[in-house]
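Some notes on the structure that comes next.
The chains referred to below are lettered A, B, ... by the order of the sequence lines, with proteins before strands, and numbering in each begins at 1. No hydrogens, no waters, no symmetry mates; every other heavy atom, side chains included, goes into these values. No experiment lies behind these values; they were computed from the predicted model shown.
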Protein chains: 2
Amino acid sequence: MPGEKDRRRSIGARRNPATEAAVLAAAREVLAEAGYAGFSVDEVARRAGAGKPTIYRWWPNRADLLAEVYFADRAARIPEPETGRLATDLAALARSYLGAWRGSPAGAALRGLLAEAQANEAALVVLWERFLPRWSEPVRGVLGEAARRGEVEPGDIEMLAELFSGFLWLRLLTGQTDDDRAAIDRVARLLASARGRKV
Amino acid sequence: MPGEKDRRRSIGARRNPATEAAVLAAAREVLAEAGYAGFSVDEVARRAGAGKPTIYRWWPNRADLLAEVYFADRAARIPEPETGRLATDLAALARSYLGAWRGSPAGAALRGLLAEAQANEAALVVLWERFLPRWSEPVRGVLGEAARRGEVEPGDIEMLAELFSGFLWLRLLTGQTDDDRAAIDRVARLLASARGRKV
DNA sequence: CGCTGATCGGAACGCACCGTTTCGATGCTG
DNA sequence: CAGCATCGAAACGGTGCGTTCCGATCAGCG
């Protein structure tokens, strides 16, 4: 009876792209419906109609999978604002991040990735090597532009990026991803006016 | 043979303070030796010579236990610096927090508390109601003093506290609790010079 | 004085998940 | 055509969660 739903199987001695897509889609679904609390490899495998060994073959850590889900999400691709003023750029950037976290599984994925990194050494490595550099690109981009305009001391870029990232993460981790424009604008102005040179 | 180690038991219809102390001490030990990765209620119960139901009776969540361990730690009681200059106060405060996290189980406890809050609704409530207000007291104290001296706009206190906390937490969560004086000083000067008033 | 009732440690429960192993079937690749 | 990496399924041992039962303990109350 060939009317039955086709089961995905091996396509030979190479990775099956359909399986890869199904796993990522399933992971995304689980995060969207149940958040990180409902995220488990078993559940993802069930939904994807995939075997657990298949998942572990390609994503050795849960953190690996979470990081890939994060960036696979279109909403998580943050546009780099260019208004010519640091305060407004930072505010727009913050609203983009928080909005993406609110409206897509990316927020749950990052919450999970950070949680994972607190108990799992390998997850911390993923966070450092795979996630952080790519994630913070827009932040460093905006600050770099501001430095070229002279709005920011080049030596301040790194710590400003850390302060900005810390603010966003704190909001995410404490469940405050709402669009709090007053707070965001104030933080953006604070950072744009800050100077770290020794006096 | 009364030479055997006395087993703790019920002392009647009231909480046994010896049990409470033994559980907190055991939790502290586990965190110190194995970090949050090795932290489990079963293990704490084993070490404390206590029953799991006893632990769950008094600490309904793992988060409850972690929060209490955090504050029970002497090292986690951060002195409030008073040098009369915001930048130096913030720097001293940051070094106190990071030093406490580095040298005591408090850091592991907070990492666990934050991780827990990402998957557990009840833990998020503990974080908000039990942990955050008490934890951020020194931060708000230093900023409040600075406001009274006129170094800080009162309307900026809240967001400066969030930026400062976010920075510390980011460092903790990414495993950077080392005493990076250059970075800490620069962050302190950045925050002390920031102004959020609308222009 | 004796009863009530909350507490204690211990043991075991059902459930869920982790990460791994084994299996037979599949179909490129050389 | 034969070798071999891949696939899904099933099951494994181990661990932890949060709960339930048990018998023993003893302060507080009538």
Side-chain angles (χ1 to χ4, degrees), chain A residues 2 4-24 26-27 30-31 34-66 112 115-116 118-123 126, chain B residues 2 4-27 30-31 34-66 112 115-123 126:
Chain A
E4 224 176 12
K5 183 171 61 181
D6 276 344
R7 193 154 71 73
R8 250 187 346 266
R9 6 186 171 182
S10 168
I11 58 171
R14 52 171 192 166
R15 184 171 193 176
N16 186 339
T19 291
E20 179 177 5
V23 169
L24 288 175
V30 172
L31 288 171
Y36 175 59
F39 183 82
S40 77
V41 175
D42 285 88
E43 178 59 23
V44 171
R46 268 191 294 273
R47 294 220 191 189
K52 284 208 293 173
T54 304
I55 296 184
Y56 279 105
R57 176 173 3 251
W58 301 109
W59 296 277
N61 309 302
R62 288 157 53 101
D64 265 310
L65 184 50
L66 287 168
E116 210 79 23
Q118 304 318 306
N120 185 327
E121 190 59 37
V126 171
Chain B
E4 223 177 12
K5 182 171 63 181
D6 276 344
R7 193 155 70 75
R8 243 181 359 258
R9 7 185 171 183
S10 169
I11 58 170
R14 52 174 193 164
R15 185 169 191 176
N16 187 339
T19 291
E20 180 177 3
V23 168
L24 288 175
V30 172
L31 287 171
Y36 175 59
F39 182 82
S40 76
V41 175
D42 285 270
E43 179 59 22
V44 171
R46 270 191 291 273
R47 294 220 192 189
K52 284 208 293 172
T54 303
I55 296 184
Y56 278 105
R57 180 178 354 256
W58 302 109
W59 297 277
N61 309 302
R62 288 157 54 101
D64 264 311
L65 184 50
L66 287 168
E116 209 79 23
Q118 304 317 307
N120 185 329
E121 189 60 37
V126 171

Here the distance between atom C1' of C/dA12 and atom CZ of B/R46, to the nearest Å, is 15 Å
Check nucleotides 18-22 of chain D for protein N or O atoms closer than 3.5 Å to its own N or O atoms and list the pairs.
from, atom 1, to, atom 2, distance (Å)
D/dG18, OP2, B/Y56, OH, 2.9
D/dG18, N7, B/K52, NZ, 2.9
D/dG18, O6, B/K52, NZ, 2.8

Residue set satisfying side chain to side chain donor-acceptor pair (under 3.5 Å) with B/D64, at least two apart, ordered chain then number -> B/N61, B/R130
Please write out the pairs of protein N or O atoms and N or O atoms of nucleotides 3-8 of chain C separated by less than 3.5 Å, giving the distance to one decimal.
from, atom 1, to, atom 2, distance (Å)
C/dT7, O2, B/S10, OG, 2.7
C/dC8, OP1, B/N16, N, 3.3
C/dC8, OP2, B/R57, NE, 3.2
C/dC8, OP2, B/W58, NE1, 2.9
C/dC8, O4', B/S10, N, 3.2

Side-chain atoms of residues 15-26 of chain B: list all donor-acceptor pairs with protein atoms under 3.5 Å, sequence neighbours left out, distances to 0.1 Å.
from, atom 1, to, atom 2, distance (Å)
B/N16, OD1, B/A18, N, 2.9
B/N16, ND2, B/R9, O, 3.1
B/T19, OG1, B/R8, NE, 3.0

Residue set satisfying side chain to side chain donor-acceptor pair (under 3.5 Å) with B/Q118, at least two apart, ordered chain then number -> A/R111
Requested in this report: Walk me through it: do B/L66 and B/Y36 pass the test side chain to side chain contact (heavy atoms under 4.5 Å, CB included)?
Outcome: CA-CA 10 Å; B/L66 287 168; B/Y36 175 59; 4.3 Å; yes
In terms of heavy-atom contacts, A/F39 and A/A27 come closest through CE1-CB, 4.0 Å
B/A117 meets the side chain to side chain contact (heavy atoms under 4.5 Å, CB included) criterion, sequence neighbours left out, with B/A123, B/L124, B/L127
Residue set satisfying salt bridge (charged side-chain N to carboxylate O under 4.0 Å, His left out) with A/R46, at least two apart, ordered chain then number -> A/E43
